[in-house]
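All values below were derived from every heavy atom in this structure, side-chain atoms included, with hydrogens, water molecules and symmetry-related copies excluded.
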Amino acid sequence: MINIEEHIEKFEKIIGYSFSDKGLIEEALSHSSYANEKKKTRHSNERLEFLGDSVLSIVVSQYLFEHYTHLPEGELTKIRASLVCEKSLYEFAKQIDLGNFILLGKGEENTGGRERPSILADAFEAVIASVFLDGGLEAARKHIMNFIPENIENIRSSFSDYKTVLQEIIQKNPEEKVEYRLAGQSGPDHNKAFTIQVCLNSNVIGTGRGRSKKEAEQMAAKEALELMGYEAQ
């Protein structure tokens with residue numbers, strides 16, 4: 001049986017931040033499988049993940065805007081995308097041993113959930129949100145900047161971001177609007193599959209599936225690019 005107070009204290013030491021509201025970080029570490037087992041006594045980290053995604057984006061965007069004044073908007077977009085993608089967040093999460101601190105349900109625990117990139121990436125964003133809500137934007141910024149690499153201009157070279165490529169193509173026509181919609185999800189908490197549709201002016205131009213929403217969005221954008229005649233690498 002986990003001692004939650006000790007569990008949180010160990011994690012606080014790793015990230016170098018002490019929470020005034022311990023409930024925030026406990027929620028950030030609570031996967032939906034754990035929350036479902038606890039029924040109404042525990043919320044999952046999904047809402048915090050939603051907020052953390054936005055906080056991460058604004059902090060990274062401001063940093064790039066202020067420190068890379070020589071780069072055009074398109075290059076800044078690519079670098080930001082490479083920093084906030086699931087692959088990068090998974091690597092960031094491993095730096096703070098986040099997998100060992102996530103609270104999982106038994107099914108997720110038994111199927112390798114602590115090593116699943118989508119779970120770690122989502123929890124990483126939830127932790128950002130918990131720091132933001134507890135200590136404000138500057139506290140969240142300080143936390144996020146611990147993970148931004150020095151050779152930031154080079155990291156985009158190995159990253160295939162279909163969403164950014166699609167957005168750059170669509171931006172050539174300012175009146176066009178792209179949005180991603182959740183079309184469905186299936187499977188138990190420890191083995192979910194998401195279906196995402198990418199729409200251009202409300203018309204579906206691609207559908208993708210993945211183990212996380214981010215992966216499904218990338219696959220939807222990839223299909224859209226292929227249907228538009230672009231060869232997605």
Side-chain angles (χ1 to χ4, degrees), residues 31-32 45-46 49-61 64 73-94 98 112-113 115-126 128-129 144 147-149 152-173 176-187 189-233:
H31 185 257
S32 58
N45 61 10
E46 292 176 348
E49 174 209 338
F50 164 79
L51 177 59
D53 179 73
S54 295
V55 175
L56 174 64
S57 182
I58 189 62
V59 168
V60 171
S61 296
L64 295 177
E73 181 271 342
E75 286 300 300
L76 294 175
T77 299
K78 290 177 182 177
I79 296 174
R80 180 181 61 190
S82 66
L83 285 169
V84 303
C85 70
E86 183 177 291
K87 180 180 179 181
S88 291
L89 299 186
Y90 171 60
E91 294 300 326
F92 297 160
K94 289 196 295 183
L98 184 53
E115 299 296 326
R116 189 161 295 133
S118 61
I119 290 179
L120 268 70
D122 290 348
F124 186 82
E125 290 181 327
I128 289 174
I144 291 167
F147 304 93
I148 304 302
I152 201 168
E153 290 186 65
N154 299 324
I155 65 173
R156 68 187 184 280
S157 60
S158 62
F159 176 67
S160 297
D161 180 30
Y162 304 117
K163 287 181 65 178
T164 297
V165 175
L166 179 61
Q167 187 65 37
E168 289 178 341
I169 293 170
I170 301 302
Q171 281 178 345
K172 296 176 182 178
N173 299 297
E176 308 284 5
K177 180 182 179 182
V178 173
E179 62 178 336
Y180 293 83
R181 299 173 180 170
L182 178 63
Q185 56 181 303
S186 60
D189 288 329
H190 64 274
N191 192 28
K192 276 192 178 298
F194 297 91
T195 300
I196 296 286
Q197 293 177 333
V198 56
C199 302
L200 179 62
N201 299 330
S202 299
N203 297 313
V204 177
I205 59 172
T207 300
R209 295 172 181 79
R211 294 290 297 276
S212 69
K213 292 177 184 177
K214 290 182 177 67
E215 179 184 353
E217 288 175 353
Q218 288 288 347
M219 293 301 98
K222 182 175 186 289
E223 181 177 274
L225 288 169
E226 292 171 346
L227 293 174
M228 293 167 66
Y230 292 86
E231 185 175 349
Q233 300 298 321

Value for CZ (R116) from OG (S212), rounded to nearest 0.5 Å, stands at 11.0 Å

Exercise. Check whether any side-chain heavy atom of I144 sits under 4.5 Å from a side-chain heavy atom of I128, and report yes or no.
Key: yes

When rounded to the nearest 0.5 Å, the distance separating CD of E223 from CD1 of I205 is 9.5 Å

Next on the checklist: E217 vs K163, test: side chain to side chain contact (heavy atoms under 4.5 Å, CB included). Steps then yes/no.
Outcome noted: CA-CA 7 Å; E217 288 175 353; K163 287 181 65 178; 2.8 Å; yes

Separation between CG (L89) and CG (D53), nearest 0.5 Å, reads 8.5 Å

Output for pair (E46 CD, L51 CG), nearest 0.5 Å, gives 14.0 Å

| request: Under the salt bridge (Lys or Arg N to Asp or Glu O under 4.0 Å) rule, what do E91 and K94 come out as? Steps first, then yes or no, please. | output: CA-CA 5 Å; E91 294 300 326; K94 289 196 295 183; 3.4 Å; yes

I'd like to know if K214 and E125 make a salt bridge, using a cut-off of under 4.0 Å between side-chain N and carboxylate O.
yes

Quick check: do L166 and M228 have side-chain heavy atoms less than 4.5 Å from each other? yes

inquiry  = Contact between V198 and V204 at the side-chain level, heavy atoms closer than 4.5 Å - yes or no?
reply    = no

Closest heavy-atom pair, A216 versus F194, reported as atoms and distance to 0.1 Å, is CB-O, 3.7 Å

(request) Determine whether the side chains of T195 and Q185 contain a donor N or O and an acceptor N or O closer than 3.5 Å. (result) no

Ring-ring centroid check Y90 F124, cutoff 6.0 Å: no

- prompt: Between Q218 and K222, is a side chain to side chain contact (heavy atoms under 4.5 Å, CB included) present by the stated rule, with each step listed?
  reply: CA-CA 6 Å; Q218 288 288 347; K222 182 175 186 289; over 6 Å; no

In short, P149 meets L83 closest at the heavy-atom pair CD-CD2, 3.8 Å

**Prompt:** Looking only at atom types and distance, does a side-chain atom of N45 sit under 3.5 Å from a main-chain N or O of A126, one as donor and one as acceptor?
**Reply:** no

Report task. Check whether any side-chain heavy atom of I169 sits under 4.5 Å from a side-chain heavy atom of L225, and report yes or no. Result -> yes

Show your reasoning for whether salt bridge (Lys or Arg N to Asp or Glu O under 4.0 Å) applies to K213 and D122. CA-CA 10 Å; K213 292 177 184 177; D122 290 348; over 6 Å; no

- [ ] Kindly indicate whether the side chain of M219, heavy atoms from C-beta on, has any atom under 4.5 Å from the side chain of Y162.
- [x] yes

So C85 and E215, do their side chains get closer than 4.5 Å, heavy atoms only?
no

Query - Cation-pi, F92 ring and K87 (6.0 angstrom, 45 degrees) - result: no

Closest heavy-atom pair, G187 versus K192, reported as atoms and distance to 0.1 Å, is O-NZ, 3.6 Å

Tightest non-hydrogen contact, residues G113 and L120, listed as O-CD1, 4.1 Å

#### Entry: S61 (side chain) donor-acceptor with S57 (main chain) under 3.5 angstrom
yes

Is there a side chain to side chain donor-acceptor pair (under 3.5 Å) between E168 and T77 once you walk through the steps?
CA-CA 9 Å; E168 289 178 341; T77 299; 5.7 Å; no

- Apply side chain to side chain contact (heavy atoms under 4.5 Å, CB included) to the pair I196 and R181, showing each step before the final yes or no. CA-CA 6 Å; I196 296 286; R181 299 173 180 170; 6.0 Å; no

Can R211 and S118 be counted as having a side-chain donor-acceptor contact under 3.5 angstrom? no

Output for pair (I170 CD1, L200 CG), nearest 0.5 Å, gives 5.0 Å

CD of Q197 to CG of N203, rounded to nearest 0.5 Å, is 11.0 Å

